[in-house]
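Have a look at the structure below, then the notes.
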Amino acid sequence: MLMARTKSVDDTRSLAMEIAGLARSGDLLLLAGDLGAGKTSFVQGFGRALGVEEAVTSPTFVLVRTYEGRMPLVHVDVYRLDHLQELLDLGIGELLDSGGVTLIEWGDAVLPALPSDFLEVRLELGEGDDERVVRVRASGSAWLARIEQLRTVLDRWLTE
């Protein structure tokens, strides 16, 4: 697990942009952590790095938003789901096979319904108002193969 610290919302977005530079078609990222810790801000930075031009907003009430960039960005928010079946009803399998990158806010809550190959990004509130602790954990062969690349692109934020 890699642990990083960001000092502002823009810093968190920049960190996300670095991770997005390693993204491949079919990748899955699970965003977890405190309410208000910056999961949507992370997706905004990620989207910017993928060339998404429209505003990235939280899909809390619509559950899924898809954005076009150099590859599709599928942004899912499962905060309001009560059962894993609801995720399956959303067509999560098709979303993951869409040829893009899927980022799921509150993804740790639906882990049993997801593939075992993902990157978990856990955002937690830090000591200062805008400071965040970001823990990045690779699971499965695709992300584990990129762990050294992750370490390199996140170097300026790492606290290990």
Side-chain angles (χ1 to χ4, degrees), residues 1-7 9-34 37-53 56 58-59 63-79 81 84 87-88 90-124 126 131-160:
M1 177 178 304
L2 303 174
M3 188 169 91
R5 287 194 189 281
T6 61
K7 298 195 182 296
V9 172
D10 286 340
D11 212 16
T12 301
R13 287 185 185 125
S14 293
L15 181 143
M17 290 174 74
E18 294 291 344
I19 293 174
L22 300 176
R24 298 178 186 156
S25 177
D27 279 346
L28 172 62
L29 283 83
L30 307 183
L31 306 178
D34 300 329
K39 290 178 283 298
T40 299
S41 293
F42 182 94
V43 179
Q44 290 167 342
F46 201 96
R48 186 179 307 147
L50 291 183
V52 172
E53 293 183 12
V56 173
S58 176
L63 305 178
V64 178
R65 291 189 192 275
T66 302
Y67 301 94
E68 292 303 319
R70 68 175 169 86
M71 69 178 87
L73 169 64
V74 179
H75 184 193
V76 182
D77 186 330
V78 298
Y79 183 74
L81 298 185
L84 286 178
L87 183 65
L88 300 174
L90 280 176
I92 191 64
E94 291 82 11
L95 292 172
L96 293 171
D97 290 337
S98 69
V101 180
T102 303
L103 284 80
I104 303 178
E105 292 192 36
W106 306 100
D108 54 335
V110 294
L111 197 54
L114 299 172
S116 60
D117 204 329
F118 59 85
L119 185 71
E120 180 181 44
V121 178
R122 182 167 294 277
L123 297 122
E124 300 165 348
E131 184 181 48
R132 298 297 181 261
V133 175
V134 183
R135 299 176 200 281
V136 179
R137 180 177 68 92
S139 176
S141 61
W143 279 107
L144 284 171
R146 290 177 264 172
I147 195 71
E148 287 308 315
Q149 291 172 293
L150 277 165
R151 186 181 310 280
T152 299
V153 301
L154 299 180
D155 184 60
R156 68 179 163 153
W157 294 286
L158 293 179
T159 61
E160 297 179 311

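We use all heavy atoms of the structure for the numbers below, so side chains are in, but hydrogens, waters and symmetry mates are not. All values reported here derive from a predicted model rather than from experimental measurement.
A distance of 9.0 Å separates CG in Leu29 from OG1 in Thr102, rounded to the nearest 0.5 Å. Rounded to the nearest 0.5 angstrom, Ser139 OG and Leu144 CG are separated by 7.0 Å. The CD atom of Gln149 sits 12.5 Å away from the CD1 atom of Ile19 when rounded to the nearest 0.5 Å. For the atom pair NZ of Lys7 and OG1 of Thr12, the computed distance is 11.0 Å after rounding to the nearest 0.5 Å. Once rounded to the nearest 0.5 Å, the distance linking CG of Asp34 with CG of Leu123 reads 8.5 Å. How far CD of Glu18 is from CG of Asp155: 10.5 Å, rounded to the nearest 0.5 Å.
In this structure, Val56 and Gln44 approach most closely via the heavy-atom pair O-NE2, 2.9 Å. Here the closest non-hydrogen pair linking Leu15 and Ala4 is CD1-CB, 4.0 Å. Between Val101 and Ala23, the closest heavy-atom pair is CG2-CB, 3.9 Å. Listed here is the closest heavy atom pair of Leu28 and Pro115: CD2-CD, 3.9 Å. Contact detail for Trp143 and Phe118: the closest heavy-atom pair is CD1-C, 3.4 Å. Here the closest non-hydrogen pair linking Arg5 and Thr159 is CG-CG2, 3.5 Å.
By the 4.5 Å heavy-atom criterion applied to side chains, Arg151 and Leu158 are counted as neighbours. With contacts defined as side-chain heavy-atom distances shorter than 4.5 Å, the pair Met3/Val133 qualifies. Between Ser14 and Arg156 the shortest side-chain heavy-atom distance falls below 4.5 Å. Phe46 is not listed as a side-chain neighbour of His75, based on a closest heavy-atom distance of 4.5 Å or more. Looking only at side-chain heavy atoms (C-beta outward), Leu119 and Leu30 stay at 4.5 Å or farther from each other. Side-chain contact check for Tyr67 versus Leu50: every heavy-atom pair is 4.5 Å or farther apart.
Side-chain atoms of Lys39 do not come within 3.5 Å of backbone N or O of Asp77 as any donor-acceptor pair. Without hydrogens or angle criteria, Asp117 side chain to Ala142 main chain gives a donor-acceptor distance under 3.5 Å.
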Please report the C-alpha distance between Val136 and Met1 in whole Å, then the side-chain angles of each, then the deciding distance to 0.1 Å, and finally whether the side-chain contact (heavy atoms from CB on, under 4.5 Å) criterion is met. CA-CA 6 Å; Val136 179; Met1 177 178 304; over 6 Å; no

Decide yes or no on side-chain contact (heavy atoms from CB on, under 4.5 Å) for Leu73 and Val43, but give the supporting numbers first. CA-CA 9 Å; Leu73 169 64; Val43 179; 4.2 Å; yes

Give the intermediate values and the outcome of side-chain contact (heavy atoms from CB on, under 4.5 Å) for residues Leu103 and Val74. CA-CA 6 Å; Leu103 284 80; Val74 179; over 6 Å; no

Tell me, with the steps shown, if Glu124 and Arg132 meet salt bridge (charged side-chain N to carboxylate O under 4.0 Å, His left out). CA-CA 6 Å; Glu124 300 165 348; Arg132 298 297 181 261; over 6 Å; no

In sequence, state the C-alpha distance, the side-chain angles, and the governing distance for Leu22 and Leu150, and then conclude on side-chain contact (heavy atoms from CB on, under 4.5 Å). CA-CA 8 Å; Leu22 300 176; Leu150 277 165; 3.8 Å; yes

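A salt bridge is defined here as a Lys NZ or Arg NE, NH1 or NH2 lying under 4.0 Å from an Asp or Glu carboxylate O, and Asp108 with Arg122 meets this definition. Ionic pairing of Arg146 and Asp27 is present here: one or more N-O contacts between side-chain nitrogen and carboxylate oxygen are shorter than 4.0 angstrom.
Thr40 and Glu105 share a donor-acceptor pair across their side chains, judged by distance under 3.5 Å alone.
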